[in-house]
Amino acid sequence: MLELNFIRTHKERVIQGLQLRNYTGENLKVIDEIVALDDARKAAQTEMDNNLAETKRLSKEIGGLFQQGKQAEAGALKEKVSELKAGIKTLETTMMDAAERVEKLLLTVPNIPHESVPAGKTSEDNEVYRAWDKPLPNLGEDAIPHWELATKYNLFDLELGVKITGAGFPVFRGKGARLERALINFFLDEATKAGYEEIIPPLMVKEESAKATGQLPDKEGQMYYIGEDDFYMIPTAEVPLTNIYRNEIVEEKDFPIKLTGYTPCFRREAGSYGSDVRGLNRVHQFDKVEIVQIVHPDTSYDQLNGMLAHVSGLLDKLELPYRILRLCGGDMGFTSALTFDFEVWSAAQKRWLEVSSVSNFETYQSNRLKVRFKDGKGMRLAHTLNGSALALARIVAALLENNQTSGGIRLPKVLHSYTGFEAI
RNA sequence: GGAGAGGUGGCCGAGCGGUCUAAGGCGCACGCCUGGAAAGCGUGUAUACUCCAAAAGGGUAUCGAGGGUUCGAAUCCCUCUCUCUCCGCCA
């Protein structure tokens, strides 16, 4: 969430930012409400603290009087303290109530977009940041989509997933499973080469963790929830990886912290049924290698560029046509200040598929996470970033479709040593 | 799952109703000492909120978390949580 102090001191910027996210008059009032409530909280707290100080002083006096055997005088003071205590209780309630309401409202305010974020309402308005300037593969009439290729070559089976679990839980098998594992290894190796530390995190997280990275309360209902133990299945490795540093004070010299991890990702995808969900386009469980960075605020945009270069490099090596979009204010995620999406061309479906989303959250996540470092001026919040590098299911879809030939499916050279075969 | 023992500052560890404003030690930083270092000595060593125009300096809270008893809680009571030991189950 936004820093309260930032809202207080940069109200105009906050409002401009919200306008870029298409907030208008009525919705913008929340900012003034927050400041007013916080004023009330401060006033109550100051008074309460003063009363507490007085109580403390008197209690000590009573202790002294008891030791001198002056019971009567002590009794008189006791009454005075009791009176003060009643007032303190009221003030505390006022303060806690105001603080809670501030917190609640703050959770409803999204991150302020970076100045480069284009105006716009929907994905239609996203800016093509880097277009694909070479020709797209032309497969001819008999090209078939990846779900048919999967059946033809026995690569994955969605019906089998339905039998075992339900719709959207693919079963990979044979060369399909091998390809999946090859891609995971390839992505992890590349991330490690780029200086990311490999992590194997828990796949379920507690509420506190999901809150800290912003999945809750924003995406309640999109995560699988294990009620018996109060766990959430992770929708992305971002959650456990970033939470490694929750409540940590980091040494400035340890920046940039770079983590990578492969995990399956679980998403309920409630309310997103439609024609674009066939095959691997949208599933409830998919594999992904994530990269996460925790960095000094001065360098976060440089690091963001580094992440773009990293993801571009992966797609280049996989020989997939792709483009990069800069998301507009209306399409950007709640917690992000700037997001770039990568889309690969799916030649049989003749459409772009999102395979990566790379974002800088600035201090929005770290404020909830409380990831801080100390510099000359005191405690400061770090910046957090993350990106998919990459999401597997759709990469598989594109690889299969784009490389199909009448004689089989060719695989990009970089994967040969990982798969142990050059074609399917 | 059952039984027991515990969670105190960056770390170890004392404290078990008032002087805890948390002893002592280690570590760390700075200074003195030294040709330089070690040792020794001295000083300092958290976080959040808040008061003050700011600095300096105050105030409040935090001894796993939350609640309670009390004029006063690290200390007593309740709930939760985590760790350790033993037993059971188990890849």
Side-chain angles (χ1 to χ4, degrees), chain A residues 1-10 34-107 200-212 226-232 240 243-254 257 264 294 363-382:
Chain A
M1 61 191 159
L2 290 180
E3 291 168 83
L4 190 49
N5 230 356
F6 183 83
I7 294 180
R8 295 189 74 106
T9 52
H10 299 82
I34 287 172
V35 172
L37 275 169
D38 190 48
D39 285 339
R41 191 209 98 240
K42 278 189 181 185
Q45 181 167 353
T46 302
E47 202 183 339
M48 184 184 80
D49 283 355
N50 289 340
N51 286 359
L52 274 171
E54 178 70 2
T55 309
K56 232 171 132 171
R57 200 182 59 72
L58 289 174
S59 289
K60 240 169 225 173
E61 222 172 285
I62 292 170
L65 289 172
F66 268 121
Q67 269 162 9
Q68 294 166 40
K70 298 179 179 168
Q71 313 292 348
E73 288 173 50
L77 278 186
K78 270 196 196 181
E79 258 176 60
K80 215 168 154 188
V81 174
S82 296
E83 280 168 38
L84 272 175
K85 275 187 72 178
I88 288 172
K89 200 91 191 164
T90 316
L91 285 166
E92 192 186 8
T93 311
T94 309
M95 186 197 82
M96 299 291 272
D97 183 59
E100 254 169 58
R101 284 165 66 193
V102 167
E103 177 88 9
K104 224 173 179 175
L105 287 179
L106 274 177
L107 288 175
I200 299 179
L203 304 182
M204 296 185 215
V205 295
K206 57 170 91 173
E207 183 184 355
E208 195 181 351
S209 296
K211 230 180 200 163
I226 317 288
E228 195 173 2
D229 293 295
D230 207 12
F231 292 151
Y232 292 87
N243 268 281
I244 289 174
Y245 283 91
R246 170 155 49 82
N247 286 328
E248 295 292 329
I249 296 167
V250 180
E251 293 287 330
E252 210 172 339
K253 65 175 164 55
D254 293 334
I257 293 164
I294 296 170
T363 60
Y364 195 90
Q365 280 185 333
S366 59
N367 189 30
R368 283 198 214 176
L369 286 157
K370 296 283 175 281
V371 190
R372 293 156 298 168
F373 66 98
K374 220 181 272 189
D375 73 358
K377 296 170 211 152
M379 284 292 174
R380 293 178 64 189
L381 293 170

Round to the nearest Å and state the distance from M96(A) atom CE to C49(B) atom P. 15 Å
Determine the interatomic distance between C1' on A61(B) and the same-named atom on G66(B); round to the nearest Å. 15 Å
Between U83(B) and C71(B), how far is it from one P atom to the other, in whole Å? 38 Å
What is the pairing partner of A74(B), taking Watson-Crick or G-U wobble pairs with both distances under 3.5 Å in any strand? none
C1' gap between G9(B) and U47(B), integer Å: 11 Å
Which of G59(B), U50(B), A48(B) is nearest the side chain of M379(A)? It is A48(B)
Does a side-chain N or O of K374(A) approach OP1 or OP2 of U47(B) to a distance below 4.0 Å, or not? yes
Atom-pair distance (CD on E208(A); C1' on U81(B)), nearest Å: 12 Å
Over all atoms of both residues, closest heavy-atom pair of A212(A) and N243(A): CB-OD1, 3.5 Å
Side-chain N or O of R41(A) closer than 4.0 Å to phosphate OP1/OP2 of U50(B): yes
Need the pair for C30(B). Rule: Watson-Crick or G-U wobble, both distances under 3.5 Å, any strand; none if unpaired. G42(B)
Round to a whole Å and report the spacing from CD of E207(A) to C1' of C80(B). 15 Å
Rounded distance in Å between the C1' positions of U60(B) and G1(B): 44 Å
In whole angstroms, how far is the C1' atom of C49(B) from the CZ atom of R8(A)? 13 Å
Measure the distance from NZ on K80(A) to C1' on G72(B) and round it to the nearest whole Å. 16 Å
Candidates A61(B), G59(B), G68(B) - which lies nearest the side chain of L52(A): A61(B)
Take atom P in A74(B) and the same atom in G64(B), then report the distance between them in whole Å. 10 Å
Using purine N1 to pyrimidine N3 plus N6-O4 or O6-N4 for Watson-Crick, or N1-O2 and O6-N3 for G-U wobble, both under 3.5 Å, which nucleotide pairs with C11(B)? G25(B)
L2(A) to N367(A) - nearest heavy-atom pair and separation: O-ND2, 3.2 Å
Expressed as a whole number of Å, how far does the P atom of U79(B) sit from that of G4(B)? 14 Å
With C1' as the reference atom in both, quote the distance from U85(B) to A91(B) in angstrom, rounded to an integer. 23 Å
Paired to U19(B) by Watson-Crick or G-U wobble criteria (both distances under 3.5 Å) is none
5' precedence on RNA chain B between E79(A) and D49(A) (nearest-nucleotide basis): D49(A)
Provide the closest heavy-atom pair for Y232(A) versus K206(A) in the form atom of the first, atom of the second, distance. CD1-C, 4.5 Å
Quick check: closest heavy atoms across M379(A) and K374(A), and the distance to 0.1 Å? CE-CE, 3.3 Å
NA contact type, K56(A), heavy-atom cut-off 4.0 Å: base, sugar-phosphate, or nothing? sugar-phosphate
Find which nucleotide of RNA chain B each of N50(A) and T55(A) is nearest to by heavy atoms, and output the residue with the more 5' nucleotide. N50(A)
For G88(B), the Watson-Crick or wobble partner whose two distances fall under 3.5 Å: none
Base, sugar-phosphate or nothing for M48(A)? Non-hydrogen atoms, less than 4.0 Å. nothing
May I ask you to say what I62(A) touches in the nucleic acid, namely base, sugar-phosphate or nothing, with a heavy-atom cut-off under 4.0 Å? base
Is there a side-chain contact between D97(A) and R101(A) in this structure, where contact means two heavy atoms from C-beta onward sitting under 4.5 Å apart? yes
Closest heavy-atom pair and its distance - R368(A), M1(A): NE-N, 3.4 Å
Taking the side chain of Q45(A) as its heavy atoms from C-beta onward, which of G68(B), A48(B), U50(B) lies nearest to it? U50(B)
Watson-Crick or G-U wobble partner of A37(B), both distances under 3.5 Å: none
Within the pair K85(A) and U70(B), is there a side-chain N or O less than 4.0 Å away from OP1 or OP2? no
Whole angstroms only, please: what is the CG-C1' distance between L369(A) and A48(B)? 17 Å
Say you pick atom P in G25(B) and the same atom in C41(B); how far apart are they, in whole Å? 10 Å
Under 3.5 Å on both distances, the Watson-Crick or G-U partner of A65(B): U79(B)
Given that both distances must come in under 3.5 Å, which nucleotide forms a Watson-Crick or G-U wobble pair with A48(B)? U60(B)
Any sub-3.5 Å donor-acceptor pair from S366(A)'s side-chain atoms to A382(A)'s backbone N or O? yes
To the nearest angstrom, how far is I88(A) atom CD1 from C71(B) atom C1'? 12 Å
If I take atom CZ in residue F373(A) and atom C1' in nucleotide A46(B), what distance separates them, rounded to the nearest angstrom? 18 Å
So what does R372(A) hit on the nucleic acid, given a heavy-atom distance under 4.0 Å: a base, only sugar-phosphate, or nothing? sugar-phosphate
Taking all non-hydrogen atoms of both residues, which atom of V205(A) and which atom of S209(A) are closest, and how far apart? CB-CB, 3.9 Å
